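Here is the structure we will look at, set down as structure tokens.
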Amino acid sequence: KRLAAGERRATADLIASLMELDSRKLYLGEGCSSLFTYCTQVLRLSEHAAYGRIAAARAARRFPIILPLLADGSLNLTTVCLLAPHLTSDNHRELLTAATHKSKREVEHLVATISPQPDPPTSVRRLPTPKIAQRVPSIEPPQSRLEPPAPAMCRPATPEPAIVAPLAPERYKVQFTVSRETYGKLRRAQELLRHTVPNGDPGAIFDRALTVLLAEVEKQKCGATARPRGARPAASSSRRIPAAVKREVWARDGGRCAFVGVNGRCTERGFLEYHHVQPFADGGLSVAENLQLRCRAHNAYEAGQWFGPLFVREVPAAWLTRTGSGPSSEVAARAFSATMPSG
Ligand SMILES: [Zn+2]
């Protein structure tokens, strides 16, 4: 009992520190693009633990009464995470009291009462069952898979056969099994395409991949060649960065944010921008030597360092977009993009 109380107090203390780190964005100087990255890579919290503590820290920033309730065990992290999106200045005391010492299921019930979800759309019921699906043989026989299964995933002994099923006019359900390598490529494509496919929809990425593949195959079949263009003179005095320079910088920086903080180099590979080490507005040239890749958070951070904090608007706080990219944070990121000066 005493140990559990000690653990609760330690967690509450950690959450209080995260509130401070978050409000002052201290993680940026540490070389992390978000508080989530800081929690997982520097504090070595699991993704789940980091998510819960950050959600609690942000809720406690709005409603400081949460911290003592966490410390004395009236509320646990799961409860706070479930309630946080629904707390308002009007209802928070009432809701927090109602949720005290309640189980997860009871808190979910409470949330459903205050924020009822609409019924699932009826169109789901009209979907054909898999029985009428047209089965396509899997490309790879099971015995040729040499890779060990991914540790976190429980794979079936034999891969599911691919399914291509018409769901509705113009809509198809395509389901197939891929190797870990292919899955890695998908995740990489999702990161690189965040600007244009914010929710990382595999269907949209599949479409783009096929478009490129078809162009490539058609080119081979038809022998069509794009007329190679001679290297144009580098417009180093312009803000526009020539494509050749972009390629060089991207390859040199390995497609990853090159900001180096107290805890080493940033690991962010999504939302990358070309950063002028000496700002363009300050006479910096658009040449490879003066350009580095930056994630959006660090590009803004350094612009703030150079020109003063008033120059840069707030970086969206809800950057919890590593695995479960919520739509709200994506919207915040895009809204931020619109206000962000490039460079
Ligand atoms: Zn970064």
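Source: prediction; values computed, not measured.
- Judged as a ring pair (Phe, Tyr, Trp, His ring centres under 6.0 Å), the pairs with a partner in residues 59-90 (not counting sequence neighbours) are, in order, F63-H92.
- Residues that satisfy the salt bridge (charged side-chain N to carboxylate O under 4.0 Å, His left out) test with E7, not counting sequence neighbours, are absent from this structure.
- L3 belongs to no multi-residue hydrophobic cluster, having no ILVMFWY side-chain contact under 4.5 Å with any other such residue.
- Note on L96: it clusters hydrophobically with L77, by side-chain heavy-atom contacts below 4.5 Å among ILVMFWY residues.
- Here the closest non-hydrogen pair linking S46 and A49 is OG-N, 3.0 Å.
- For the atom pair NZ of K104 and CG of L82, the computed distance is 6.5 Å after rounding to the nearest 0.5 Å.
- The number of heavy-atom neighbours closer than 6.0 Å to CD of E106, taken from other residues, nucleotides and ligands shown, is above 12.
- Note on L45 and L70: separate hydrophobic clusters, where clusters join Ile, Leu, Val, Met, Phe, Trp and Tyr whose side-chain heavy atoms are under 4.5 Å apart, directly or indirectly.
- The shortest heavy-atom contact between L272 and C257 is CD2-N, 3.6 Å.
- Checked by atom type and distance alone, the side chain of R265 never pairs as donor or acceptor with a backbone atom of G31 at under 3.5 Å.
- When the side chains of ILVMFWY residues are joined at heavy-atom separations under 4.5 Å, either directly or via intervening members, L26 and V42 end up in a single hydrophobic cluster.
- Applying the salt bridge (charged side-chain N to carboxylate O under 4.0 Å, His left out) test to R247 and every residue at least two apart in sequence or in another chain returns nothing.
- For the side chain to side chain donor-acceptor pair (under 3.5 Å) with S286, the qualifying choice from R240, H276, K246 is H276, the only one to do so.
- Taking the side chain as every heavy atom from C-beta outward, Q41 and T267 approach each other to under 4.5 Å.
- The two residues A297 and L28 have their closest heavy-atom pair at CB-CD2, 3.7 Å.
- Not counting sequence neighbours, D253 has no partner by the side-chain hydrogen bond (donor to acceptor under 3.5 Å, both in side chains) test.
- The OG1 atom of T97 sits 8.5 Å away from atom CG of L75, with the distance rounded to the nearest 0.5 Å.
- Formation of a donor-acceptor pair under 3.5 Å by the N299 side chain with backbone atoms of H275 is not found in this model.
- Contact check for I205 versus L193: side-chain heavy atoms found under the 4.5 Å cut-off.
- Under the 4.5 Å side-chain criterion, counting only non-hydrogen atoms from C-beta, L21 is in contact with L35.
- Listed by chain and residue number, T88 satisfy the side-chain contact (heavy atoms from CB on, under 4.5 Å) test with D90 (two or more places apart in sequence, or in another chain).
- Rounded to the nearest 0.5 Å, atoms CZ (F36) and OG1 (T40) are 5.5 Å apart.
- Residues satisfying the ring pair (Phe, Tyr, Trp, His ring centres under 6.0 Å) test with F259, not counting sequence neighbours, are H298, Y301.
- In this view, R53 satisfies the side-chain hydrogen bond (donor to acceptor under 3.5 Å, both in side chains) rule with no residue, not counting sequence neighbours.
- Of the options R269, E268, E191, R294, a side-chain contact (heavy atoms from CB on, under 4.5 Å) to R256 is made by R269 and by none of the others.
- Applying the side-chain contact (heavy atoms from CB on, under 4.5 Å) criterion to S17, with sequence neighbours excluded, gives no partner residue.
- Rounded to the nearest 0.5 angstrom, I114 CD1 and H109 NE2 are separated by 12.0 Å.
- Both L83 and I15 sit in one connected hydrophobic cluster of ILVMFWY residues. Membership requires side-chain heavy atoms under 4.5 Å apart, directly or through other members.
- Under a hydrophobic clustering in which Ile, Leu, Val, Met, Phe, Trp and Tyr are joined whenever their side-chain heavy atoms come within less than 4.5 Å, directly or via other members, V174 and L186 fall into different clusters.
- The salt bridge (charged side-chain N to carboxylate O under 4.0 Å, His left out) search around R2 returns none, not counting sequence neighbours.
- Here the side chains of R208 and T196 are in contact, with some heavy-atom distance below 4.5 Å.
- Within 6.0 Å of atom CZ in R188, more than 12 heavy atoms from other residues, nucleotides or ligands are found, so the atom counts as buried in its surroundings.
- Using a cutoff of 4.0 Å between basic side-chain nitrogens and carboxylate oxygens, E248 and R252 are not scored as salt-bridged.
- At least one side-chain heavy atom of L43 sits less than 4.5 Å from a side-chain heavy atom of L18.
- The two residues Q190 and P202 come nearest to each other via the heavy atoms NE2-CG, 4.2 Å.
- Qualifying side-chain hydrogen bond (donor to acceptor under 3.5 Å, both in side chains) partners for T100, counting only residues two or more places apart in sequence or in other chains: none.
- Distance check: L67 CG to R61 CZ gives 12.5 Å after rounding to the nearest 0.5 Å.
- Among residues two or more places apart in sequence or in another chain, the side-chain hydrogen bond (donor to acceptor under 3.5 Å, both in side chains) test is passed with N263 by E30.
- The shortest distance between side-chain heavy atoms of I66 and V80 falls below 4.5 Å.
- Separating the SG atom in C39 from the CG atom in L14 is a distance of 7.0 Å, to the nearest 0.5 Å.
- Counting heavy atoms from C-beta on, the side chains of Y27 and T37 never come closer than 4.5 Å.
- Counting heavy atoms from C-beta outward, C295 and C266 have side chains that approach closer than 4.5 Å.
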List the steps, then state whether salt bridge (charged side-chain N to carboxylate O under 4.0 Å, His left out) holds for R105 with E108.
CA-CA 5 Å; R105 192 168 289 252; E108 283 171 341; 5.6 Å; no
